[in-house]
Amino acid sequence: MGARLDVILSPTEALPPCEVWLVVDVLRATTTMTVFFECGGKKMLPVESVEEGLALKKSLGSGWLLMGERKGLPPQGFDLGNSPLEAANACVSRYEGAIMTTTNGTRALLAAASTGAPVLIASARNAFAAVDAALSSGSSIGILCAGRLGRVSLDDSACAGALVDIALEKEPKILFSDGARIAHSVWHSYGKNMEEALKDASHAHFLLGLGFGDDIRLACQLGVSASVPKLAFISGRWTVLL
Ligand code: MLT
């Protein structure tokens with residue numbers, strides 16, 4: 001049977017069976033993760049809650065960064081926010097790793113992991129490398145959009161559409177689900193241009209209001225990174241590594 005591609009536009013949809021997941025939270029969690037590993041970060045521990053993050057940082061010590069956001073900003077006691085720019089400027093390679101919690105992105109990652117299929121981190125930055133990695137990991141690929149507070153988001157739908165477009169170039173006979181066709185149409189309706197799509201995205205407006213325009217610019221750069229982090233279950237914990 002040929003390759004199949006499904007896009008789950010909202011994390012509240014039931015997750016279908018598939019052989020490999022690409023999880024997308026282009027604004028900003030999976031973009032931040034991509035940049036963290038681009039910059040030499042060693043490993044990242046995604047956790048659900050702020051309390052879990054603080055407790056883990058306490059037990060792991062100062063060799064670990066605690067990063068993430070609630071309502072777009074770093075919670076009290078965190079070293080960094082969920083910002084690709086901050087990750088790029090933080091000399092992340094000097095640390096043993098980072099603990100990260102975000103409102104939607106890290107939860108989507110853990111939801112995909114709970115299906116038992118391999119999970120890869122995707123963003124616009126690593127779009128080509130992420131599609132290559134997914135196509136070589138399985139013939140049934142699911143793209144899970146983290147969305148926003150349980151709802152579909154334009155930013156993740158456009159990024160998923162870009163991934164669908166790349167998969168189609170590489171595998172012209174790939175079979176699409178309706179979700180994949182919708183994401184693909186969104187991407188084409190913005191002229192295959194991430195900046196244009198994000199101009200209309202409510203989460204981009206929210207981040208601009210907080211002064212994170214540079215993060216949005218980093219999130220829009222298509223195919224500039226070859227780093228495709230993946231989830232692995234190590235010592236009883238989900239761990240993101242290269
Ligand atoms: C999230 O996981 O909800 C987002 O990445 C939010 C953000 O932009 O920081």
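Note: hydrogens, waters and symmetry copies are ignored here, and every other heavy atom, side chains too, is used. For this chain, numbers begin at 1 and follow the sequence in order. Just follow the structure's listing: the first ligand is 1, and inside any ligand the first atom is 1.
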Parallel, tilted or perpendicular: which one describes the rings of H184 and H188, with boundaries at 30° and 60°? perpendicular
Distance-only, no hydrogens or angles: does the D25 side chain make a donor-acceptor pair with backbone N or O of T30 under 3.5 Å? no
Sub-4.0 Å heavy-atom environment of ligand 1, residues by chain: D25, L27, R28, A29, E69, N82, T102, T103, N104, G105, H203, L207
My understanding is that only residues two or more places apart in sequence, or in another chain, count here; which of them pass side chain to side chain contact (heavy atoms under 4.5 Å, CB included) with I174? A3, L5, L135, A167, L168, E171, F176
Hey, mind stepping through R217 and D214 against salt bridge (charged side-chain N to carboxylate O under 4.0 Å, His left out) and telling me if it holds? CA-CA 5 Å; R217 273 184 282 286; D214 287 338; 2.5 Å; yes
Listed once per pair and sorted, the side-chain hydrogen bond (donor to acceptor under 3.5 Å, both in side chains) pairs that draw on residues 36-52, sequence neighbours left out: E38-R125, E38-S225
For K58, side-chain hydrogen bond (donor to acceptor under 3.5 Å, both in side chains) partners two or more places apart: none
